[in-house]
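To start, the structure itself, in structure tokens.
Quick caveat: nothing in here was measured; it's all calculated off a predicted structure. Only heavy atoms go into these numbers, but all of them, side chains included; no hydrogens, no water, no symmetry mates. Just so you know, residue 1 is the first one in the sequence shown, and it goes up from there.
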Amino acid sequence: MSEPMVKAEAVHKRFGRNEVLKGITLEVAAGEVMCLLGPSGSGKSTFLRCINHLEKINSGRIWVDGNLVGYRQKGDRLHEISERDVAEERAQIGMVFQRFNLFGHMTAEQNIIEAPIRVAGLKPDVARAEAKLLMDRVGLGDRLGAYPAQLSGGQQQRVAIARALAMKPKLMLFDEPTSALDPELVGEVLDVMRALAADGMTMVVVTHETGFAKEVGDTVVFMDDGVVVESGDPAAVFNSPQHARTQAFLSKVL
């Protein structure tokens, strides 16, 4: 058996007295698309942010590609690694947020090449050539020189995906990538994500798009109140959910 791309073991996360994650344990295989569903406040986005150490967990452990996230183990003790080492780990994990987070004063091309040049040390001409390929890949090859304000929400999100891919990540995290979009723009972003899945990219997707989860997801995880309530094959979870809480949630969103 190969090492899972993501392994979470008894992960707890608190904000003050509010315990948001209450012992999350799950695995994501290499090449798998896992879709996290659940009501707002269930801990889905917080868990996603813990995977790349944007949020520090209070207890438990997370591994990405066999490496402990944010810590090194020496004997029985965990030691937090430096911010520089965290940044190096994070560079291997692409993340696409609900809001596009593009630099408004930079063109699409400049947004994409910034990290490869500054973080990965890529030569500018190589970075620009790769940016063109990535923009072609997300269907925006003719908009390299456009600024975010000149692009629709769907186009901005596709640029954000291209920017994340520019660092050649081993894992892509999507935090409700279509929820800020007008309904008619959702499809163009989901099409890019479908293509990524078809290419074998490992993806963890927080989404309310049940159609996407059914069609593209290899595993669906339903979370509520900081715990995994139910998980499994999309057809099984959607067609015959075992838990009453899952049944109640799906009855409202399907």
Taking the side chain as everything from C-beta on, heavy atoms only, tell me whether [X] gets closer than 4.5 Å to [Y].
{"X": "Glu55", "Y": "Val20", "value": "no"}
{"X": "Leu165", "Y": "Arg137", "value": "yes"}
{"X": "Leu102", "Y": "Met106", "value": "no"}
{"X": "Val64", "Y": "Ile51", "value": "yes"}
{"X": "Gln155", "Y": "Gln150", "value": "no"}
{"X": "Val229", "Y": "Ser42", "value": "no"}
{"X": "Arg158", "Y": "Glu188", "value": "yes"}
{"X": "Val206", "Y": "Phe47", "value": "no"}

Under a 4.5 Å side-chain heavy-atom rule over Ile, Leu, Val, Met, Phe, Trp and Tyr, are [X] and [Y] clustered together?
{"X": "Val159", "Y": "Met201", "value": "yes"}
{"X": "Leu37", "Y": "Val227", "value": "yes"}
{"X": "Leu190", "Y": "Leu181", "value": "yes"}
{"X": "Leu48", "Y": "Leu54", "value": "yes"}
{"X": "Met172", "Y": "Val192", "value": "yes"}

So, the side chain of [X] versus the backbone of [Y]: is there a donor-acceptor pair under 3.5 Å, distance only?
{"X": "Gln156", "Y": "Phe100", "answer": "no"}
{"X": "Thr202", "Y": "Gly31", "answer": "yes"}
{"X": "Asp233", "Y": "Ala235", "answer": "yes"}
{"X": "Gln98", "Y": "Phe174", "answer": "no"}
{"X": "Glu230", "Y": "Gln242", "answer": "yes"}
{"X": "Glu89", "Y": "Gly70", "answer": "yes"}
{"X": "Arg90", "Y": "His53", "answer": "yes"}

Quick check for you: to the nearest 0.5 Å, what is the distance between [X] atom [atom1] and [Y] atom [atom2]?
{"X": "Asn111", "Y": "Glu114", "atom1": "CG", "atom2": "CD", "result": "8.0 Å"}
{"X": "Leu144", "Y": "Ile112", "atom1": "CG", "atom2": "CD1", "result": "6.5 Å"}
{"X": "Asp225", "Y": "Leu21", "atom1": "CG", "atom2": "CG", "result": "10.5 Å"}
{"X": "Gln110", "Y": "Arg163", "atom1": "CD", "atom2": "CZ", "result": "13.0 Å"}
{"X": "Glu130", "Y": "Leu122", "atom1": "CD", "atom2": "CG", "result": "5.0 Å"}
{"X": "Arg72", "Y": "Asn67", "atom1": "CZ", "atom2": "CG", "result": "6.0 Å"}

* Asked: Could you go step by step and tell me if Met135 and Glu109 meet the side chain to side chain contact (heavy atoms under 4.5 Å, CB included) rule?
  -> CA-CA 8 Å; Met135 285 287 277; Glu109 179 187 62; over 6 Å; no
* Would you check, one step at a time, whether the test side chain to side chain contact (heavy atoms under 4.5 Å, CB included) holds for Leu254 with Phe238? => CA-CA 9 Å; Leu254 292 179; Phe238 283 114; 4.0 Å; yes
So which atom in [X] and which in [Y] form the shortest heavy-atom distance, rounded to 0.1 Å?
{"X": "Pro241", "Y": "Gln247", "value": "O-NE2, 2.9 Å"}
{"X": "Lys44", "Y": "Leu36", "value": "CD-O, 3.8 Å"}
{"X": "Gly145", "Y": "Thr107", "value": "O-CG2, 3.4 Å"}
{"X": "Lys13", "Y": "Ile57", "value": "CD-CA, 4.3 Å"}
{"X": "Pro177", "Y": "Val96", "value": "CB-CG1, 4.3 Å"}
{"X": "Ala166", "Y": "Pro116", "value": "CB-CG, 3.7 Å"}

* side chain to side chain contact (heavy atoms under 4.5 Å, CB included) between Arg61 and Tyr71, intermediate numbers included -> CA-CA 9 Å; Arg61 297 178 188 188; Tyr71 301 90; over 6 Å; no
* Qualifying residues under salt bridge (charged side-chain N to carboxylate O under 4.0 Å, His left out), relative to Lys7, sequence neighbours excluded ->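 Counting only residues at least two positions away or on another chain, Lys7 forms no salt bridge (charged side-chain N to carboxylate O under 4.0 Å, His left out).
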* **Step-by-step side chain to side chain contact (heavy atoms under 4.5 Å, CB included) determination, Ile24 to Met223** => CA-CA 9 Å; Ile24 301 294; Met223 290 179 61; 3.8 Å; yes
* To do: For Lys56, look at atom NZ and say whether over 12 heavy atoms of other residues, nucleotides or ligands are found less than 6.0 Å away.
  =>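 Count not over threshold, so no.
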* Asked: Hey, which of Thr219, Val216, Val28, Leu196 is the one that makes side-chain contact (heavy atoms from CB on, under 4.5 Å) with Val33?
  ->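 Only one option passes, and that is Val216.
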* Does the pair Glu209/Arg194 count as a salt bridge with the N-to-O cut at 4.0 Å? ->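 Here Glu209 does not pair with Arg194 in a salt bridge, since their nearest N and O are not under 4.0 Å apart.
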